[in-house]
Amino acid sequence: MELSRHPTTVYQAVAAQLEQALKERYRCGDYLPSEQQLADHYEVNRHTLRRAVDELVHKGLLQRRHGVGILVLMRPYDYPLHAQARFSQNLMEQGSHPTSERLLAVLRPASNDVASALGINEGDNVIHLRTLRRANGLPLCLINHFLADLSWWPQLQQFNSGSLHDFLVEHTGKQLVRTQTRISTRRAQAKECRQLDIALHAPLLCVRTLNKTSDGAVAEYSVSLTRGDMIELTLEH
């Protein structure tokens, strides 16, 4: 691969070609080949290759992870917002491997916001689940799920991973449909930064969703905190 050999532009030429490769062949959560493999590919020494990578790190397209490799941060996943949007299916169609795990499962009194969304009284017990979703092993979003039907509690205590909505269909026979979505942004707090592996005060998308059963009963209010560098929401009309 022929690159300009002027000493002040070689690493910039490598950075430009590597950035183009990111757009064409990589997604958020992927890892690049080793520095030596990249240096060999672009026919430069490792020092020049590191400067090129540093350029893309500074632009927020890559991240060095000590002992692991060079992580791709660019090209956020496209996530359409509509009544039947499915997290796992959507990411798999984009070539990713999504996973989900339960972090918390408790009964607790509903706050004012949760009670208002679910149409119950403040202080009434609700089921509170917290899940962490990953794409290709990289933390993507934290979701707090609040469910008003306490008859589901025995089954939901057994939920540990995978799709919560698929679990509900299998164990309760209830299909949930998104009926309302509200989107805002805020800065990540310390605990969220640790769980999502992001810098303190990094931007988060806060997506509040109301889901109902097929017969129109309010079933779930969820609050999703999603890494702003990894998801691009699409509103479908």
Side-chain angles (χ1 to χ4, degrees), residues 11 15 18-19 22-23 26-32 34-35 38 49-79 81 85 87-88 90-91 94 96-106 108 110-114 117 126 128-146 160-161 164 181-209 220-235:
Y11 84 91
L18 183 54
E19 183 173 349
L22 295 181
K23 295 177 181 178
Y26 294 94
R27 276 208 176 274
C28 291
D30 289 344
Y31 283 88
L32 295 183
S34 70
E35 286 189 347
L38 289 172
L49 188 280
R50 287 193 190 101
R51 289 193 66 189
V53 170
D54 288 343
E55 184 90 351
L56 301 186
V57 169
H58 180 72
K59 293 177 71 172
L61 305 181
L62 298 174
Q63 180 186 81
R64 294 185 184 276
R65 307 195 79 183
H66 182 69
V68 181
I70 302 169
L71 179 68
V72 177
L73 297 180
M74 65 171 300
R75 292 188 69 201
Y77 294 105
D78 177 39
Y79 190 76
L81 288 177
F87 173 85
S88 297
N90 181 266
L91 266 63
Q94 297 181 63
S96 175
H97 174 62
T99 59
S100 176
E101 66 174 294
R102 189 195 79 185
L103 302 181
L104 175 74
V106 296
R108 67 165 27 120
S111 66
N112 180 266
D113 288 348
V114 171
V126 293
H128 179 197
L129 304 178
R130 182 177 298 128
T131 58
L132 173 64
R133 288 177 167 176
R134 294 185 174 89
N136 295 339
L138 192 68
L140 177 61
C141 63
L142 283 166
I143 308 178
N144 286 293
H145 312 260
F146 302 96
N160 291 303
S161 62
L164 175 61
T181 303
R182 301 179 66 185
I183 305 169
S184 60
T185 60
R186 69 169 176 81
R187 299 292 184 180
Q189 300 172 0
K191 185 176 181 180
E192 296 158 355
C193 293
R194 292 192 296 271
Q195 291 173 314
L196 292 171
D197 194 19
I198 53 178
L200 185 63
H201 299 153
L204 294 175
L205 290 172
C206 182
V207 181
R208 296 176 172 85
T209 302
E220 178 197 16
Y221 173 63
S222 68
V223 181
S224 170
L225 299 175
T226 303
R227 290 178 51 159
D229 61 334
M230 289 187 65
I231 282 289
E232 184 175 88
L233 300 175
T234 300
L235 301 178

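Owing to the predicted nature of the structure, the values given are computational and were not obtained by experimental measurement.
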*Got a donor-acceptor contact below 3.5 angstrom from the R130 side chain to the L142 backbone?*
no

*Please tell me if the side chains of V223 and C206 come closer than 4.5 Å, counting only heavy atoms from C-beta onward.*
yes

*What distance separates S100 OG from L164 CG, expressed to the nearest 0.5 Å?*
8.0 Å

*Side-chain contact, heavy-atom cut-off 4.5 Å: V72 with Y31?*
no

*Measuring from D197:CG to R194:CZ, what's the distance to the nearest 0.5 Å?*
12.0 Å

_Spacing of L49 atom CG and L32 atom CG [to the nearest 0.5 Å]_ = 9.0 Å

_Any heavy-atom pair between the side chains of V126 and H145 that's under 4.5 Å?_
no

*Side-chain contact, heavy-atom cut-off 4.5 Å: R102 with S161?*
no

*Would R227 and L73 count as a side-chain contact (heavy atoms from CB on, under 4.5 Å) if you check the C-alpha gap in whole Å, the side-chain angles of each, and the deciding distance to 0.1 Å?*
CA-CA 11 Å; R227 290 178 51 159; L73 297 180; 3.9 Å; yes

*In sequence, state the C-alpha distance, the side-chain angles, and the governing distance for L204 and I198, and then conclude on side-chain contact (heavy atoms from CB on, under 4.5 Å).*
CA-CA 10 Å; L204 294 175; I198 53 178; 3.8 Å; yes

*Do L138 and Q63 have side-chain heavy atoms sitting under 4.5 Å apart?*
no

*Should T131 and L103 count as side-chain neighbours, where that means a heavy-atom distance under 4.5 Å?*
no

*For R186, does the CZ atom have more than 12 heavy-atom neighbours from other residues, nucleotides or ligands under 6.0 Å away?*
yes

*Could you grab the distance from atom CD1 of I231 to atom SG of C141, nearest 0.5 Å is fine?*
7.0 Å

*Test salt bridge (Lys or Arg N to Asp or Glu O under 4.0 Å) applied to R64 and E35, step by step*: CA-CA 11 Å; R64 294 185 184 276; E35 286 189 347; 2.7 Å; yes

*Just jot down the side-chain contact (heavy atoms from CB on, under 4.5 Å) partners of A15, sequence neighbours excluded, or say none.*
A52, E55, L56

*Would you tell me whether Y11 and R50 have side-chain atoms, one donor and one acceptor, within less than 3.5 Å of each other?*
no

*Would you mind reporting whether C193 and H201 have side-chain heavy atoms less than 4.5 Å apart?*
no

*Would you sort out whether L196 and T226 count as a side-chain contact (heavy atoms from CB on, under 4.5 Å), showing the intermediate values?*
CA-CA 9 Å; L196 292 171; T226 303; over 6 Å; no

_Rounded at 0.5 Å granularity, tell me how far CG in L225 sits from CD in Q189._
8.5 Å

*Atom pair CD1/OG of I143 and S224 - distance to nearest 0.5 Å*: 4.5 Å

_Using side-chain contact (heavy atoms from CB on, under 4.5 Å), reason through L104 and L129 one step at a time and then give a plain yes or no._
CA-CA 5 Å; L104 175 74; L129 304 178; over 6 Å; no

*Under 4.5 Å between any side-chain heavy atoms of Y221 and R208, yes or no?*
yes

_I'd like to know if E101 pairs up with R133 as an ion pair, taking the criterion as any Lys NZ or Arg NE/NH1/NH2 lying under 4.0 Å from an Asp or Glu carboxylate oxygen._
no

